[in-house]
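Okay, structure first, notes after.
Note that the coordinates shown come from a computational prediction; the quantities given were computed from them, not determined experimentally.
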Amino acid sequence: MMRLLLLLLCCLGSVLGHAHAAPPPLMLAGTWQDGPDVSLYLVSEKLDGVRARWDGQALWTRAGHRIAAPVWFTQGWPGQAMDGELWMARGQFEATSALIRSSPGDEAQWRRLRFMTFDLPDAAGGFADRHAQLKRMIAAQRSPHLLAIEQQRLPDSEGLHRQLRAVVAAGAEGLMLHHQDNPYSDGRSPRLLKLKLYDDAEARVIGYAPGKGKYSGMVGALLMRSDSGAQFRIGSGLSDAQRIDPPAIGSQVTYRYNGLTVHGLPRFPRFLRVRDEP
């Protein structure tokens, strides 16, 4: 009887270990507008990876799902919380996202993955101090799967936009700017900013519109709701495979639009990728 009870407790613990938890506290970026002194910011490439947080024992997605990383992948990592992106290479977001959602995942694919860290959420001081501490910590670990995102200083807006054009031409999404004195805080920060050539935004999938013509029997458009409560459709940018097997209801989707809105709704939104599963 005791053996059966212990077995049930172990099974319960296994189930709870894979349960959905509350989303981890993360600092979120606003959008850069020229005006502030660029030299006060540390600038890095905006990676097209999957945002994740290391809590000292496990990796968690932005939505609060525990990531089933192999034991060897995180072996020797520090017990301090780290914020970063799981990233393979430019243009490999879909492969990265698919790997992280799978359990167990393909070991060869996991060996291509890196946790590109950019902050220490529990550390004191401004971003420049935290980044210096992060670099020292990672250098001491010598893990091939744990790296710090390179940060640089640029002298002015002209240099910033020159760097933006260079990284986008090489296949990057854009740039991130961290004010050197910015403390880590949960939620949207006015001194953590992103800069891209195109406007991207995120919204949740709330339903589907049926397809017509060549898309008959498939999804014609995703019905979306933004954080502000605005509802709209995304009909372009979806592949045939995504129209047959669309992003799940509740998924957070990144879309691109031309920067213009009508009555608060994006004009010509185009599907880019699923950011988080529900």
Side-chain angles (χ1 to χ4, degrees), residues 10-29 46-75 77-89 92-122 143 145-147 149 173 184-188 200-208 222 224-227 241-242 245-255 271-278:
C10 289
C11 292
L12 179 60
S14 176
V15 170
L16 292 177
H18 291 85
H20 179 267
L26 296 174
M27 186 157 60
L28 305 177
K46 186 180 187 302
L47 301 180
D48 53 346
V50 173
R51 182 80 177 269
R53 177 162 174 161
W54 170 256
D55 66 2
Q57 296 182 323
L59 282 165
W60 298 85
T61 69
R62 178 173 169 177
H65 296 280
R66 183 165 180 168
I67 298 171
V71 173
W72 54 261
F73 185 81
T74 60
Q75 187 172 9
W77 285 15
Q80 188 167 349
M82 297 182 291
D83 193 356
E85 296 242 349
L86 288 163
W87 186 75
M88 284 186 186
Q92 294 296 307
F93 173 82
E94 296 297 340
T96 302
S97 180
L99 175 63
I100 290 168
R101 292 197 306 269
S102 63
S103 181
D106 184 280
E107 182 169 332
Q109 289 288 81
W110 272 102
R111 295 199 179 276
R112 296 179 58 203
L113 203 64
R114 302 291 183 269
F115 186 42
M116 306 296 293
T117 58
F118 50 74
D119 216 332
L120 295 172
D122 297 335
S143 168
H145 308 289
L146 181 63
L147 299 172
I149 295 177
E173 280 199 339
Y184 196 98
S185 59
D186 184 15
R188 196 78 55 187
D200 292 354
E202 294 180 349
R204 293 280 179 188
V205 179
I206 60 173
Y208 312 109
L222 304 176
M224 310 299 302
R225 180 186 291 122
S226 68
D227 289 343
Q242 289 165 333
D245 183 19
I249 301 293
S251 296
Q252 187 169 9
V253 163
T254 300
Y255 64 94
F271 174 86
L272 287 184
R273 61 178 66 94
V274 178
R275 262 299 174 193
D276 287 305
E277 295 293 339

For Leu26 and Tyr184, the nearest pair of non-hydrogen atoms, with its separation, is CA-OH, 3.4 Å
So do the side chains of [X] and [Y] get within less than 4.5 Å of each other, counting heavy atoms only?
X: Leu86; Y: Ile67; result: yes
X: Phe115; Y: Ser143; result: no
X: Asp55; Y: Pro24; result: no

Could you work out, with side-chain hydrogen bond (donor to acceptor under 3.5 Å, both in side chains) as the rule, every residue matching [X], not counting sequence neighbours?
X: Ser226; result: Ser228
X: Tyr208; result: none
X: Glu94; result: none

For the pair [X] (side chain) and [Y] (backbone), establish whether a donor and an acceptor sit closer than 3.5 Å, ignoring hydrogens and angles.
X: Gln109; Y: Leu99; answer: no
X: Tyr255; Y: Ala203; answer: no
X: Arg188; Y: Ala29; answer: yes

By ring-ring contact (aromatic ring centres under 6.0 Å, His included) - contacts of Phe118 (at least two apart): none
For Trp110, ring-ring contact (aromatic ring centres under 6.0 Å, His included) partners two or more places apart: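 Per chain and number, Trp110 pairs via ring-ring contact (aromatic ring centres under 6.0 Å, His included) with Phe73.
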With Leu146, the side chain to side chain contact (heavy atoms under 4.5 Å, CB included) member among Met82, Met116, Gln75: Met82
Contacts of Arg114 that satisfy salt bridge (Lys or Arg N to Asp or Glu O under 4.0 Å) - sequence neighbours left out: none
